[in-house]
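Working notes for the structure below.
Every value quoted in this text rests on a predicted model; they were computed, and no experiment measured them.
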Amino acid sequence: MVKSIFLAVISLFSFIGFSQDANILVPADLRQHNLTQFNASLYNPAFSLNLNNPQSISLWTRWQWQNIDVDPSTLFLNYTRALNDNSAAGVGFFEHNTGVFFDTGVALNYAYKLQFDNLLSLSFGLNLFAFKQELADTRFPSNPIPGIPGPELTSDFILQVAPGINLEYKNFSVSLASENLVSYNFTESTSNAGTSNKIFMGLASYEFSVLNFDETAYIRPSVYVKTIPNQKNQLGLNTLFSTQKYWGQVGYNNFYGISAGAGGTIFNRFSLGALVEFGISSSLSSNDPSFELIASYFIGKPSKRRRIVSNEFEKRVKKQKERTSDEVRDDQREAKKTTKLNASDKKKQKIEASKQKELERKLRQDKSIADKASKEEAALLKKRDKEKAKITKDRNKDKKALAAKKKNVENQQRLAKLKIENDAKKEAAIAARKALEIRTKDSINKLREEAKLLAEQKAANEAKIAKEKAAARAEDVTPLPGEKYQEVSNSEGLESGFYLIANVFGTKKYFNVFMADLAKLGIKGKSFYRSSNRYNYVYLARYNTIGEARKARDSNFDGKFKGKTWIFRVVDN
């Protein structure tokens, strides 16, 4: 019957998985479809009860298509512990890059299990995500057109609730979870995901015992389906082989492709594993493979995986129940026999009770005599102890007087030694202070000479700069054919000269993005604001002559900046 249910669920998920078509290349989900051995609570929060290993710290990271750029990547560091036999909790840190958004935050997990009998249980779980969401790629055109809005750069704080449920009967389980059933954007004060934007995940699996000498070893095939807004549903198969010392898995996802991974456990505490995934569809086959790494450390006493329920185990349970019923019947027959024997033994008990009372009376008399003798002996011992204590006290008094005299002599010797040492230290301090005064006087004279030289150099540089500025003000510039050139009088406090302009912005947001892009190129961009037209001018450098400015423009700022530039001249009134 269990196998029939399992095949029916697989058929149902297969039908749902092919009911939609994908329109977007990269889905926005957490891409946790390969998590089977550790950190599975990220897939379904109820799995922290049996697919995580409390108490442990686990790290999982995934590099999508292994390129270090804006390609998708995920990192999840999680600590899990069992609260009792029926509940577990965890806390984690995660980074998730979808290629469009970059999410950074924390995750809290709690799961509780209702155990109906040895074979049937129902688990509930909840993941609470609190994270900051930013654009993953902030690159914009270098020449935005004023008046035309572009993408809005945001840094939002989002709270997301992800519940899950898992039903287990014997070795069969079926589960359902949602990544974003409730999602609220506190920065925008609005819901972050509408009814049509929910992500749901369903999974069905069955565990088979494979090794007779290891009851914790098993093979678990599973099938899952994930619904993603505006994209084709993800359908996948996964098979895990696991023992206490090593594990391996293979899988298939209709979007991401095929995967294979393996890992092992050292000293029953530290586990390390890796997985590689290859895209096989026409849209992904040209991309490099994706990699996943998983590491886990068990804190405290490592907990073993639950034993797989087999047919032999069910027979043993049935036999134990039958044996228990037979024992109850045997106990009832034994109680009847005991009742009959009690009636014949009551008379004997009365006789024995009378003899016992007489014996207790004689014992009390003997005890009274013994107590009196003990008191007399105790008095003699007490008197002797007092005499010994007096002798000991006198001896201790003499020892203390001798020790005090010896200590006084030692103190006088120590004080004399300290006086000699202090006198030597004072003489050394006086000599050191005189040497410091001499060195300080020499340093002051040297600093005065250096300051005089710096002042002379500063005056010479200022005279040279003034001469260059005067020549720049007097220079008459004729724009070359096709050359973009603008000249204005200095009416807003700008220093006269020739500015190599890289961009002009009317919006502060795009201005900040462009300045960040310059910094990535290793260029320290500068800017000034003109109130006459309300624009921010970003320039790469200021020059004293038109020749210097044209040389920098024609060389693309010595090859550092590939964008278009033009010359803006400021002339003193």
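When atom types are taken as modelled, the side chain of Ser58 and the backbone of Phe38 share no donor-acceptor pair closer than 3.5 angstrom. Thr265 contributes no side-chain N or O that, together with a main-chain N or O of Tyr246, makes up a donor-acceptor pair within less than 3.5 Å. Distance alone, capped at 3.5 Å, is enough to place a donor-acceptor pair between the Lys198 side chain and the Leu181 backbone. Within the 3.5 Å criterion, the main-chain N or O of Tyr510 finds no donor-acceptor partner in the side chain of Thr507. Using a distance-only test at 3.5 Å, with no hydrogens or angles considered, a donor-acceptor pair links the side chain of Ser222 to the main chain of Asn238. In this structure, Asn254 contributes its side chain and Asn233 its backbone to a donor-acceptor pair below 3.5 Å. In this structure a side-chain-to-backbone donor-acceptor pair under 3.5 Å is present from Ser178 to Ile199. Between the side chain of Thr98 and the backbone N or O of Phe101, at least one donor-acceptor pair lies under 3.5 Å. With hydrogens and angles disregarded, a donor-acceptor distance shorter than 3.5 Å links the side chain of Ser555 to the backbone of Ala552. In terms of modelled atom types and a separation under 3.5 Å, the side chain of Glu188 and the main chain of Thr190 share no donor-acceptor contact.
Gln32 places a side-chain heavy atom less than 4.5 Å from the side chain of Met201. Counting heavy atoms from C-beta outward, Ile258 and Ile280 have side chains that approach closer than 4.5 Å. Proximity of Leu114 to Phe116: side-chain heavy atoms (C-beta onward) are separated by under 4.5 Å at one or more points. Side-chain contact between Phe511 and Ser527 is present, with heavy atoms from C-beta onward closer than 4.5 Å. Residues Asn536 and Phe528 fail the side-chain proximity criterion, which asks for heavy atoms closer than 4.5 Å. Between Leu518 and Val538 the shortest side-chain heavy-atom distance falls below 4.5 Å. Two residues are said to be in side-chain contact when any heavy atoms from C-beta on lie closer than 4.5 Å; Tyr110 and Leu83 meet this criterion.
Side chains of Ser271 and Ser296: a donor-acceptor N/O pair is absent below 3.5 angstrom, by distance only. At a cut-off of 3.5 Å, with distance as the only test, a side-chain donor of Thr36 or Gln249 sits close to an acceptor on the other residue. Of the N and O atoms on the side chains of Gln55 and Thr80, not one donor lies less than 3.5 Å from an acceptor on the other residue. For Thr565 and Arg553, the side-chain atoms include no donor-acceptor pair closer than 3.5 Å. Side chain to side chain, Gln64 and Ser290 meet the donor-acceptor criterion of an N or O pair below 3.5 Å.
Leu35 contributes atom CG, which lies 11.5 Å from atom CG of Leu240 (distance to the nearest 0.5 angstrom). Leu275 CG to Phe291 CZ: the interatomic distance, rounded to the nearest 0.5 Å, is 10.0 Å. With rounding to the nearest 0.5 angstrom, the CZ atom of Phe76 is 10.0 Å from the CG atom of Leu59. Atom-to-atom distance recorded for Ile158:CD1 and Ser183:OG is 5.5 Å, nearest 0.5 angstrom. Asn97 CG to Trp63 CH2: the interatomic distance, rounded to the nearest 0.5 Å, is 13.5 Å. Rounding to the nearest 0.5 angstrom, the gap separating the OH atom in Tyr184 from the CG atom in Asp156 is 12.0 Å.
Using the six-membered ring where Trp is involved, Phe270 and Tyr297 have ring planes that are tilted, between 30° and 60° apart. The aromatic rings of Phe208 and Tyr206 sit tilted relative to each other, their planes meeting at an angle between 30° and 60°. Using a 30° and 60° split on the angle between ring planes, Phe505 and Phe514 fall in the tilted class, from 30° to 60°.
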Go through the steps to decide whether Leu159 and Phe186 satisfy the test side chain to side chain contact (heavy atoms under 4.5 Å, CB included), and finish with yes or no. CA-CA 8 Å; Leu159 189 67; Phe186 283 88; 3.5 Å; yes

In sequence, state the C-alpha distance, the side-chain angles, and the governing distance for Asn50 and Glu168, and then conclude on side chain to side chain donor-acceptor pair (under 3.5 Å). CA-CA 11 Å; Asn50 54 2; Glu168 290 185 291; 3.0 Å; yes

Go through Arg31 and Thr74 one step at a time and tell me if the side chain to side chain donor-acceptor pair (under 3.5 Å) criterion holds. CA-CA 8 Å; Arg31 299 188 291 275; Thr74 306; 3.0 Å; yes

When you look at Gln37 and Ser242, which way does the side chain to side chain donor-acceptor pair (under 3.5 Å) test go after all the steps? CA-CA 8 Å; Gln37 189 75 352; Ser242 177; 3.1 Å; yes

Go through the steps for Trp247 and Phe241 under the test side chain to side chain contact (heavy atoms under 4.5 Å, CB included), then give the verdict. CA-CA 6 Å; Trp247 57 271; Phe241 170 68; over 6 Å; no

Please test Tyr224 against Asn253 for side chain to side chain donor-acceptor pair (under 3.5 Å), starting from the C-alpha separation and ending with a verdict. CA-CA 9 Å; Tyr224 62 88; Asn253 181 288; 3.2 Å; yes

Any chance you could lay out the side chain to side chain contact (heavy atoms under 4.5 Å, CB included) test for Phe557 and Ile523, step after step, and finish with the verdict? CA-CA 10 Å; Phe557 197 58; Ile523 301 174; 4.2 Å; yes

If you apply the rule side chain to side chain contact (heavy atoms under 4.5 Å, CB included), what do you find for Ile57 with Leu77, and how did you get there? CA-CA 7 Å; Ile57 297 177; Leu77 177 64; 4.1 Å; yes

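The distance between the ring centers of Tyr256 and His33 falls below 6.0 angstrom. Aromatic ring centres of Tyr535 and Tyr529 lie farther apart than the 6.0 Å criterion allows.
Listed by chain and number, the residues in a salt bridge (Lys or Arg N to Asp or Glu O under 4.0 Å) with Arg62 are Glu277, Glu292 (sequence neighbours excluded). Partners of Asn533 under the side chain to side chain donor-acceptor pair (under 3.5 Å) rule, at least two apart in sequence or in another chain, are Tyr537. Residues satisfying the salt bridge (Lys or Arg N to Asp or Glu O under 4.0 Å) test with Asp29, not counting sequence neighbours, are Lys226. Residues satisfying the side chain to side chain donor-acceptor pair (under 3.5 Å) test with Asp103, not counting sequence neighbours, are Gln133. Not counting sequence neighbours, the partners of Lys132 by the salt bridge (Lys or Arg N to Asp or Glu O under 4.0 Å) test are Glu134.
Nearest heavy-atom pair across Trp60 and Leu30 is CH2-O, 3.8 Å. Among all heavy-atom pairs drawn from Asn34 and Ser259, the shortest one is OD1-OG, 3.4 Å. In this structure, Leu272 and Ala295 approach most closely via the heavy-atom pair CD1-CB, 3.8 Å. For Gly164 against Asn44, the heavy-atom pair with the smallest separation is CA-OD1, 3.5 Å. For Ser173 against Asn166, the heavy-atom pair with the smallest separation is CB-OD1, 3.8 Å. In this structure, Phe561 and Lys564 approach most closely via the heavy-atom pair CE2-O, 4.0 Å.
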Distance-only donor-acceptor pairs under 3.5 Å for side chains of residues 119-129, two or more places apart:
residue	atom	partner	partner atom	Å
Asn127	OD1	Asn109	ND2	2.8
Asn127	ND2	Ser41	O	2.8

